[in-house]
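What follows is a set of notes on a single structure, which appears directly below.
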Amino acid sequence: MDSVTEKEILSQPIVWEKVEELLKENKNGILDFICGKREKKWIFIGCGTSYYLALSAAAYCRKITKIDAIGLPASEIFLFPQANIKDEKECFCLPISRSGTTTEVILASKYLKNRKVPLLGISCAGKDLAKECQQMIILPEATEKSVVMTRSFTSMLLSILIICSWLSSQDNDKLLEELSSLPEQGEVILNKYKNLARDIIYNNEFTKFIYLGQGPFYGLACEGALKVKEMSLSMSEAYHSLEFRHGPKSIIDEKTLIIFLMSETAKEYEINLLKDVKKLGAKTLIICEESSKEIRDNGDYLVELNSKVSDYNRLILYLPVLQLIGYWNSIKKGLNPDNPKNLTQVVIL
Ligand code: F1P
């Protein structure tokens with residue numbers, strides 16, 4: 001089958017290069033717009049994949065810039081504003097939407113615009129969102145034919161990581177150098193592991209997929225779970241890694257694949273969890289920077305990124321294998337990953 005989703009997944013490293021170029025070209029305009037907004041609370045909003053992106057983007061932003069940031073589903077802004085925002089006057093909002101037309105994102109943006117909150121939109125298309133935001137970052141190269149978001153997720157996330165790196169009080173040259181190395185590293189990882197994703201699916205009969213990650217990896221875990229759910233109509237869940245012991249582990253059986261988005265920061269704790277879930281009979285896939293004997297002994301499948309970049313700057317390298325797991329599970333089940341059941345590219349209410 002000639003699938004656009006597979007092509008879009010495999011094209012990510014090239015698109016990341018273009019994102020970096022586009023951001024460089026627009027650096028002055030973006031920085032001018034952000035100027036004076038550092039002291040505000042930054043609210044990243046989106047729906048579906050774009051909401052999970054908002055979670056990881058906010059975690060990165062807090063860590064790298066020390067700016068007070070959160071990620072929220074767009075609907076929370078206009079349905080429960082006071083439950084989420086203390087003082088609208090003190091906010092700066094970054095709505096994220098591939099299409100630029102998702103109803104909740106537009107309603108939230110209108111709500112905030114009416115209250116004089118400045119808006120910097122991140123999108124692949126612009127569209128209605130561009131009418132609400134004073135400044136836009138539009139990544140046309142990352143747009144997709146597939147209903148399912150893959151390269152638009154990693155590319156819009158990368159654009160936010162670059163902006164936050166410009167604002168970092170740490171060595172921002174080093175951060176930007178690390179981010180610049182990702183396209184090349186992505187290519188190596190795809191070449192090395194693209195067949196592994198297919199083998200994992202074809203050599204097993206998984207009925208449940210669990211994704212675990214802490215800190216900035218939690219948003220990625222949610223996104224991995226969404227990919228397998230959307231493309232292959234399979235049961236999937238995501239947790240902060242250590243939350244998995246607190247109840248959810250009861251669902252483990254031999255048809256459960258547990259995917260660890262392992263970080264160097266949480267590694268020690270995550271390895272202990274890995275040992276526990278192995279004892280309970282789960283199959284495991286570990287995506288990590290560098291393995292150890294304990295990881296190899298308890299992992300059924302292993303992706304070693306060997307990126308030599310920090311936990312925070314390595315985020316997008318975890319995605320291609322997660323996306324390919326969803327893709328191959330869809331193909332194996334005889335489904336169409338480009339156009340999954342019940343889904344449309346955009347949700348319009
Ligand atoms: C976001 C989104 C996707 C989801 C579905 C509907 O759209 O919720 O994450 O896969 O296809 O749209 P957008 O606001 O980023 O365009």
Side-chain angles (χ1 to χ4, degrees), residues 1-16 48-50 52-53 98-99 124 142-155 186-213 220-238 251 253-261 282-287 299-305 316-347:
M1 182 189 146
D2 206 16
S3 153
V4 289
T5 308
E6 186 187 23
K7 286 198 193 97
E8 288 164 358
I9 293 170
L10 300 180
S11 73
Q12 285 175 107
I14 296 168
V15 177
W16 298 345
T49 287
S50 298
Y52 300 139
L53 199 170
R98 169 178 66 173
S99 61
C124 298
T143 203
E144 287 140 340
K145 288 207 175 87
S146 177
V147 164
V148 179
M149 292 174 69
T150 55
R151 68 185 183 190
S152 60
F153 177 89
T154 52
S155 299
E187 204 66 69
V188 173
I189 289 160
L190 271 168
N191 285 334
K192 193 163 167 200
Y193 292 110
K194 67 174 182 239
N195 294 335
L196 177 71
R198 189 191 55 209
D199 295 347
I200 292 172
I201 295 302
Y202 277 91
N203 294 336
N204 295 281
E205 294 299 329
F206 294 122
T207 54
K208 286 174 243 165
F209 296 80
I210 307 291
Y211 296 75
L212 304 177
L220 309 186
C222 295
E223 174 58 4
L226 185 65
K227 290 308 90 171
V228 84
K229 195 173 281 161
E230 286 185 321
M231 281 191 253
S232 69
L233 319 183
S234 296
M235 288 306 299
S236 63
E237 291 173 357
I251 63 134
D253 59 24
E254 71 289 352
K255 291 191 174 177
T256 307
L257 177 65
I258 304 200
I259 300 169
F260 285 79
L261 282 69
K283 284 247 169 137
T284 55
L285 160 63
I286 296 97
I287 308 180
D300 295 288
Y301 300 101
L302 177 64
V303 171
E304 262 185 304
L305 300 174
I316 61 172
L317 295 179
Y318 286 68
L319 266 302
V321 172
L322 301 183
Q323 296 159 344
L324 285 168
I325 297 256
Y327 171 79
W328 283 113
N329 203 42
S330 172
I331 298 291
K332 184 183 172 190
K333 288 173 89 171
L335 302 170
N336 178 358
D338 299 344
N339 200 3
K341 191 179 118 198
N342 298 345
L343 299 183
T344 46
Q345 259 223 353
V346 189
V347 174

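Note that this is a predicted model, so its numbers are computed, not measured.
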| Does Lys229 reach the main-chain N or O of Ser236 with its side chain, forming a donor-acceptor pair under 3.5 Å? | yes
| query | Is the shortest heavy-atom distance from the side chain of Ile286 to the side chain of Asp300 under 4.5 Å? | reply | no
| message | Main chain of Thr256, side chain of Asp253: is a donor-acceptor contact present, judged purely on distance under 3.5 Å? | response | yes
| request: Would you check if Glu230 and Pro337 make a side-chain contact, meaning some heavy-atom pair closer than 4.5 Å? | output: no
| request: Would you check if Met231 and Leu335 make a side-chain contact, meaning some heavy-atom pair closer than 4.5 Å? | output: no
| message | Has Ser3 got a side-chain atom pairing as donor or acceptor with Glu6's backbone, closer than 3.5 angstrom? | response | yes
| field | Ile9 versus Pro320, closest heavy-atom pair with distance | value | CG2-O, 4.1 Å
| request: With sequence neighbours excluded, tell me which residues meet side-chain hydrogen bond (donor to acceptor under 3.5 Å, both in side chains) with Lys7. | output: Asp2
| task | Drop me the distance from Leu317's CG to Thr154's OG1, to the nearest 0.5 angstrom. | result | 10.0 Å
| task | Calculate, to the nearest 0.5 Å, the distance between atoms CZ and CD1 belonging to Arg151 and Ile316 respectively. | result | 14.0 Å
| task | Look at the rings of Phe206 and Phe209 and say which category their plane angle falls in: under 30° parallel, 30 to 60° tilted, over 60° perpendicular. | result | perpendicular
| field | Straight-line distance of Ser234 OG to Ile325 CD1, nearest 0.5 Å | value | 11.5 Å
| Presence of salt bridge, Lys145 and Glu8, under 4.0 angstrom | no
| In Å, rounded to the nearest 0.5 Å, how long is the span from CG of Asn329 to CG of Leu257? | 9.5 Å
| Can you name the residues that form a ring-ring contact (aromatic ring centres under 6.0 Å, His included) with Tyr52, not counting sequence neighbours? | none
| request: Given side chain to side chain contact (heavy atoms under 4.5 Å, CB included), test Tyr193 with Leu302 step by step and report yes or no. | output: CA-CA 9 Å; Tyr193 292 110; Leu302 177 64; 5.8 Å; no
| query | Stepwise, does the side chain to side chain donor-acceptor pair (under 3.5 Å) test hold for Asn203 with Tyr301? | reply | CA-CA 12 Å; Asn203 294 336; Tyr301 300 101; 4.9 Å; no
| Going through the checks in order, is the side chain to side chain donor-acceptor pair (under 3.5 Å) test met by Thr5 and Asp338? | CA-CA 6 Å; Thr5 308; Asp338 299 344; 2.5 Å; yes
| task | To the nearest 0.5 Å, tell me how far Leu322 CG sits from Thr150 OG1. | result | 12.0 Å
| query | Can you find a pair of side-chain heavy atoms, one from Tyr211 and one from Val228, that are under 4.5 Å apart? | reply | yes
| Residue pair Ser232 / Ser330, side-chain donor-acceptor N/O under 3.5 Å | no
| note | Value for CZ (Arg98) from OG1 (Thr143), rounded to nearest 0.5 Å, stands at 6.5 Å
| task | Mind running side chain to side chain donor-acceptor pair (under 3.5 Å) on Thr49 and Glu223 for me, showing each step along the way? | result | CA-CA 6 Å; Thr49 287; Glu223 174 58 4; 2.9 Å; yes
| query | Should Met235 and Thr207 be marked as a side chain to side chain contact (heavy atoms under 4.5 Å, CB included) after you check the CA-CA gap, both sets of side-chain angles, and the distance that decides it? | reply | CA-CA 7 Å; Met235 288 306 299; Thr207 54; over 6 Å; no
| field | Working for side chain to side chain donor-acceptor pair (under 3.5 Å), residues Gln323 and Gln12 | value | CA-CA 11 Å; Gln323 296 159 344; Gln12 285 175 107; 2.7 Å; yes
| Should the heavy atoms of other residues, nucleotides or ligands under 6.0 Å from NZ of Lys333 be counted, would the total exceed 12? | yes
| message | I want to check something: taking the side chain as every heavy atom from C-beta on, are Ile210 and Ile259 in contact at a cut-off of under 4.5 Å? | response | no
| said: For Ser152, is there any backbone N or O sitting under 3.5 Å from a side-chain donor or acceptor partner on Ser155? | reply: no
| said: Side chains of Leu196 and Trp328, heavy atoms from C-beta outward: is any pair under 4.5 Å? | reply: no
| Ile189 vs Asn191 side-chain heavy atoms within contact, under 4.5 Å | no
| task | Keeping the roles fixed (side chain from Lys208, backbone from Ile251), state whether a donor-acceptor pair exists under 3.5 Å. | result | yes
| message | So Tyr318 and Leu305, do their side chains get closer than 4.5 Å, heavy atoms only? | response | yes
| request: Begin with the C-alpha distance, continue with both residues' side-chain angles, and end with the deciding distance and a verdict on side chain to side chain contact (heavy atoms under 4.5 Å, CB included) for Met149 and Gln345. | output: CA-CA 9 Å; Met149 292 174 69; Gln345 259 223 353; over 6 Å; no
